[in-house]
Amino acid sequence: MPICHDGYMGTAPDLSGSISKNRFRNELFWGIDRLLTCLDSGIDSFAVVFDYRCDIELHLDDRYEFYQVKTGGKGTFGVTWATRLPKRGISIIARLYELDDASQDCPIKLVIVGNRPFVKKGGSFDSPGEVLFATLEPEDKQKIEQAVTRDNKGMTPDLNKASYLLVAMNLDKPQDSVRGHLLSTYNKVMGCEPKKPMALCEALEGLVSDRACNEKQQPDYESVISNKGISGEEVRRLFSVYEDREETPQGLVNEWIKEQPPLMQNSLRIALQEYTSRVMEPQAESILNIANSLLKEADPSMSPNEIAETVGPQLISNVGPEISKELAKIYVLIATFKTALEG
């Protein structure tokens with residue numbers, strides 16, 4: 001006899017966990033989009049930090065930008081919403097101004113990012129773009145100032161630092177538009193299409209998720225950037241792994257593997273896959289730097305086979321037994337071919 005599901009369906013579901021996960025997902029995808037915008041703009045030195053002091057943080061050479069991401073399918077966003085005191089905690093705008101202590105380092109921006117029109121005196125701000133709080137009507141500015149000082153005693157808020165950014169955001173499938181942006185940016189930065197577009201998307205999304213989900217307090221600023229952030233240099237390094245050109249370091253290593261004895265090829269391919277999976281880890285960059293140092297002292301006339309057999313063991317001696325002899329060969333050849341291609 002089939003089960004009747006009326007009892008199960010008669011109880012209201014607990015969707016709080018799903019709602020929280022979806023909001024977190026939207027934050028991450030918006031952060032990726034912000035990262036790609038930096039690359040589009042040709043900014044060389046930057047890092048996007050995920051879910052540390054704020055939802056999304058952009059760290060530039062001359063300033064910090066803090067983004068509090070708020071999304072909703074219904075309801076009203078606006079001055080009253082941003083300044084409202086909840087049952088627990090403090091208002092959205094007061095929470096954002098807690099980050100004002102970072103202004104002792106450099107200029108900062110404090111931005112509420114939302115997907116709904118922003119209600120203010122004189123009419124709603126309802127077109128994608130940014131409205132600076134210093135340009136609001138005096139009554140609205142007073143509300144914001146009072147909300148900030150109510151929860152941050154002794155602070156005199158500078159409204160020129162704060163704004164609301166209205167963005168178009170697909171709440172059902174935020175990854176779709178971001179993936180399209182990613183492939184467009186990749187083409188612009190690398191001058192070609194990625195050889196495995198979906199693998200590239202998944203690799204970047206996985207990297208962002210790993211950094212965002214790191215729950216440890218970081219001991220210093222460098223650790224914040226390396227453990228909670230993604231730099232422009234890291235993204236370009238990831239892009240290079242998926243470069244669809246005839247000659248890339250990985251492609252040349254793969255061709256070299258095909259020339260090796262058949263019994264060795266499988267273990268070398270596994271080692272190349274291991275390198276590719278670890279390329280974004282700080283340890284991989286450190287090992288490549290050691291390989292480069294060893295190659296500077298090696299005979300420049302050596303063939304790839306001779307380099308693998310000579311410099312590979314030296315790399316193991318410097319790094320330690322955590323890398324196999326096959327992986328050591330991959331590292332020294334990646335460094336060799338990269339140097340040759342960069343000319």
Side-chain angles (χ1 to χ4, degrees), residues 182 186 189-190 192-211 214 226-227 229-298 300 302-343:
L182 170 58
Y186 186 96
V189 172
M190 304 301 292
C192 65
E193 302 291 334
K195 58 186 175 184
K196 294 181 179 179
M198 285 307 300
L200 168 64
C201 294
E202 291 169 0
L204 180 56
E205 290 163 16
L207 182 63
V208 166
S209 180
D210 287 344
R211 300 290 167 86
N214 184 326
S226 62
N227 296 328
I230 297 178
S231 67
E233 182 182 351
E234 277 189 288
V235 179
R236 294 183 186 94
R237 195 160 72 244
L238 177 63
F239 280 7
S240 70
V241 175
Y242 295 91
E243 197 172 2
D244 191 13
R245 299 184 190 276
E246 291 184 2
E247 291 192 343
T248 64
Q250 289 87 353
L252 292 173
V253 169
N254 196 46
E255 291 302 313
W256 172 81
I257 290 174
K258 293 177 183 178
E259 298 171 358
Q260 303 310 300
L263 292 177
M264 294 175 57
Q265 290 183 18
N266 189 52
S267 59
L268 288 168
R269 286 196 185 96
I270 292 172
L272 180 57
Q273 290 172 358
E274 183 179 351
Y275 165 79
T276 301
S277 68
R278 295 168 55 179
V279 69
M280 297 305 297
E281 297 177 5
Q283 185 186 21
E285 185 177 6
S286 175
I287 294 173
L288 273 180
N289 289 336
I290 296 171
N292 279 317
S293 297
L294 294 172
L295 287 168
K296 289 178 181 178
E297 300 175 3
M302 287 195 297
S303 68
N305 281 342
E306 291 171 328
I307 290 172
E309 296 298 332
T310 303
V311 184
Q314 296 175 10
L315 184 62
I316 294 175
S317 297
N318 280 266
V319 174
E322 60 262 29
I323 61 171
S324 65
K325 63 179 182 179
E326 291 83 8
L327 187 55
K329 291 178 181 180
I330 298 300
Y331 269 109
V332 296
L333 289 177
I334 287 287
T336 299
F337 292 135
K338 186 175 181 181
T339 300
L341 290 173
E342 291 175 350

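No experiment lies behind these values; they were computed from the predicted model shown.
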Side chain to side chain contact (heavy atoms under 4.5 Å, CB included) filter on P194, not counting sequence neighbours, yields L183, Y186, P197, L200, Y242
Any side-chain heavy-atom pair of P249 and L341 under 4.5 Å = yes
Closest non-hydrogen atoms of E243 and C192, given as atom of the first, atom of the second and distance, are CG-SG, 3.9 Å
Hits for side chain to side chain contact (heavy atoms under 4.5 Å, CB included) against V208, two or more places apart or cross-chain, chain-then-number order -> L28, I32, F50, L204, I230
E205 meets the side-chain hydrogen bond (donor to acceptor under 3.5 Å, both in side chains) criterion, sequence neighbours left out, with R179
Hey, does L182 have a side-chain heavy atom less than 4.5 Å from the side chain of F239? yes
Contacts of R269 meeting salt bridge (Lys or Arg N to Asp or Glu O under 4.0 Å) (sequence neighbours excluded), chain-then-number -> none
Please check if atom NZ in K325 has more than 12 non-hydrogen atoms from other residues, nucleotides or ligands closer than 6.0 Å. no
Residues passing the salt bridge (Lys or Arg N to Asp or Glu O under 4.0 Å) test with E285, sequence neighbours excluded, are R237
Output side-chain donor-acceptor pairs under 3.5 Å for residues 256-263, partner residues at least two apart or in another chain, one line each.
unit_1, atom_1, unit_2, atom_2, d
W256, NE1, N305, OD1, 2.6
K258, NZ, E255, OE2, 3.2
Q260, NE2, W256, O, 3.1
Q260, NE2, N305, OD1, 3.1

Residues passing the salt bridge (Lys or Arg N to Asp or Glu O under 4.0 Å) test with K296, sequence neighbours excluded, are none
Residues at least two apart in sequence or cross-chain that pass side chain to side chain contact (heavy atoms under 4.5 Å, CB included) with E326, listed by chain then number, are S267, L268, A271, S324
dist L272:CG -> E274:CD (nearest 0.5 Å) comes out at 10.5 Å
Check your understanding: Would you say the side chain of R211 lies within less than 4.5 Å of the side chain of N227, judging by non-hydrogen atoms?
Key -> no
Listing, residues 311-323 side-chain donor-acceptor contacts under 3.5 Å, not counting sequence neighbours, or none:
unit_1, atom_1, unit_2, atom_2, d
S317, OG, P313, O, 3.2
N318, ND2, Q314, O, 2.8

Between the CG atom in L295 and the CD1 atom in I290, the distance rounded to the nearest 0.5 Å is 12.0 Å
CG of N254 to CD of Q273, rounded to nearest 0.5 Å, is 9.5 Å
Closest heavy-atom pair, L333 versus P304, reported as atoms and distance to 0.1 Å, is CD2-O, 3.5 Å
Rounding to 0.5 Å, atoms CZ (R236) and OG (S231) come to a distance of 8.5 Å
The salt bridge (Lys or Arg N to Asp or Glu O under 4.0 Å) partners of E309 (sequence neighbours excluded) come to K329
Applying side-chain hydrogen bond (donor to acceptor under 3.5 Å, both in side chains) to E233 and not counting sequence neighbours gives none
Beyond-backbone contact of L288 with Y275, side-chain heavy atoms, under 4.5 angstrom: yes
Test item: L252 and T248 side chains (from C-beta on) under 4.5 Å apart, heavy atoms: no
Rounding to 0.5 Å, atoms CG (L294) and OG1 (T310) come to a distance of 11.5 Å
Sorted by chain and residue number, the side chain to side chain contact (heavy atoms under 4.5 Å, CB included) partners of E306 (sequence neighbours excluded) come out as M302, S303
